[in-house]
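Reading through the structure tokens given below for one structure.
We count ligands from 1, going down the list as the structure has it; atoms in each ligand are counted the same way.
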Amino acid sequence: MEHLKIASDNYVAFTFFIGTMAMMAASVFFFFELNSTPTKWRTSVLVSGLITFIAAVHYYYMRGYNLATGDSPTFFRYVDWILTVPLMCVEFYLITKKAGAKQGLLWKLIFASLVMLVTGYFGETIYRGSSVIWGVISGAAYFYIVYLVWFGEVSQLAQTAGAQVAKATKTLAWFVLVGWAIYPLGYILGTPGGLFGIQLVADAALASHYMDIVYNVADAINKIGFGLVIYSLSRSQD
Ligand SMILES: *C/C=C(C)/C=C/C=C(C)/C=C/C1=C(C)CCCC1(C)C
């Protein structure tokens with residue numbers, strides 16, 4: 001049997017490992033807290049747990065894949081995102097629903113997130129040569145989501161849904177604006193197009209390692225952080 005060991009300077013493998021543990025721990029926490037969660041917030045906290053649980057399973061796989069091959073598990077990374085990012089959109093819909101959010105809003109958010117991720121995947125894989133243009137399209141979809149949660153329907157509905165929902169929505173909007181902006185940074189580091197042609201890391205293998213580290217850190221912040229905001233909302237007076 002082959003024993004795979006994480007070298008002490010292997011930050012890629014390390015962040016995959018710690019990411020797996022963090023996502024697992026967060027899932028256990030959200031699921032076990034469900035029992036003492038007020039009924040009206042139960043679905044929201046359940047979705048928080050599903051997001052970290054789906055990520056935990058993917059991280060477990062990606063951790064092993066990366067340790068065994070040294071490569072970036074791009075495909076499974078995007079499978080994870082395609083499942084978890086729309087669920088984050090569901091969270092926005094669920095917390096603004098009592099203020100009258102319509103399903104149309106949910107579909108707008110989900111559609112934009114799918115455009116953002118599918119075009120990003122194209123730029124990272126099949127059309128690497130034109131990663132800049134795919135990154136720009138993906139970025140446009142991202143800014144549309146930012147617009148919806150900061151100024152559009154989501155923020156307008158949140159204003160009328162009570163002080164705590166308004167506050168939680170604002171915190172989640174910060175996650176989308178700052179936390180999610182870490183991802184394009186990883187993309188710029190890891191794809192050949194760089195920042196509109198400016199290559200930040202010349203060595204391709206190193207570039208892809210940086211990209212994985214950036215994505216792993218971003219996932220931990222965004223998935224667990226998002227879930228904790230929903231959790232603390234569920235413990236508020238609203
Ligand atoms: C849990 C996973 C999350 C919250 C993933 C979010 C991913 C993004 C916001 C990715 C955005 C991208 C761009 C805005 C442009 C370049 C391509 C992407 C897909 C990295």
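Ion pairing between Glu33 and Arg235 holds under the 4.0 Å rule for side-chain N and carboxylate O. Between Glu153 and Lys108 a salt bridge is recorded (basic side-chain N to carboxylate O distance below 4.0 Å).
With respect to atom 20 (C) of ligand 1, the closest heavy atom belonging to the protein is Tyr215 OH, 3.7 Å. Protein heavy atom closest to atom 16 (C) of ligand 1, with residue, atom name and distance, is Tyr187 CG, 3.5 Å. For atom 1 (C) of ligand 1, the nearest protein heavy atom (residue, atom name, distance) is Lys223 NZ, 1.5 Å. The protein heavy-atom contact nearest to atom 10 (C) of ligand 1 is Tyr183 CB, 3.5 Å. Shortest contact from atom 9 (C) of ligand 1 to any protein heavy atom: Met116 CE, 3.4 Å. The nearest heavy-atom contact from the protein to atom 12 (C) of ligand 1 is Ser138 OG, 3.5 Å.
Side-chain contact check for Glu91 and Ser48: at least one donor-acceptor pair (N or O, by modelled atom type) lies under 3.5 Å. One side chain, Asn216 or Arg77, offers a donor N or O that lies under 3.5 Å from an acceptor on the other.
Those atoms of ligand 1 with a heavy atom of Gly135 less than 4.0 angstrom away are 15 (C). Each of the atoms 2 (C), 3 (C), 4 (C), 5 (C), 6 (C) of ligand 1 lies under 4.0 Å from some heavy atom of Val85. Atom numbering of ligand 1 starts at 1 in the shown order; those under 4.0 Å from a heavy atom of Pro184 are 14 (C). Atom numbering of ligand 1 starts at 1 in the shown order; those under 4.0 Å from a heavy atom of Met88 are 4 (C). Taking every heavy atom of Trp180 and a limit of under 4.0 angstrom, the matching atoms of ligand 1 come to 4 (C), 9 (C). The atoms of ligand 1 that sit less than 4.0 Å from any heavy atom of Thr84 are 1 (C).
Smallest separation of non-hydrogen atoms from Ser44 and Ile230: CB-CG2, 3.6 Å.
Only side-chain heavy atoms of Tyr78 come within less than 4.0 Å of ligand 1; its backbone N, CA, C and O stay farther off. Counting heavy atoms under 4.0 Å from ligand 1, residue Asp219 touches it through the side chain alone.
Counting heavy atoms from C-beta on, the side chains of Tyr183 and Trp81 come closer than 4.5 Å. In this structure, Met23 and Asp219 have side chains that are in contact, with non-hydrogen atoms separated by less than 4.5 Å.
Hydrophobic clustering, defined by side-chain heavy atoms of Ile, Leu, Val, Met, Phe, Trp and Tyr closer than 4.5 Å, groups Ile18 together with Phe14.
With hydrogens and angles ignored, the 3.5 Å screen pairs a side-chain donor or acceptor of Gln156 with a backbone N or O of Phe151.
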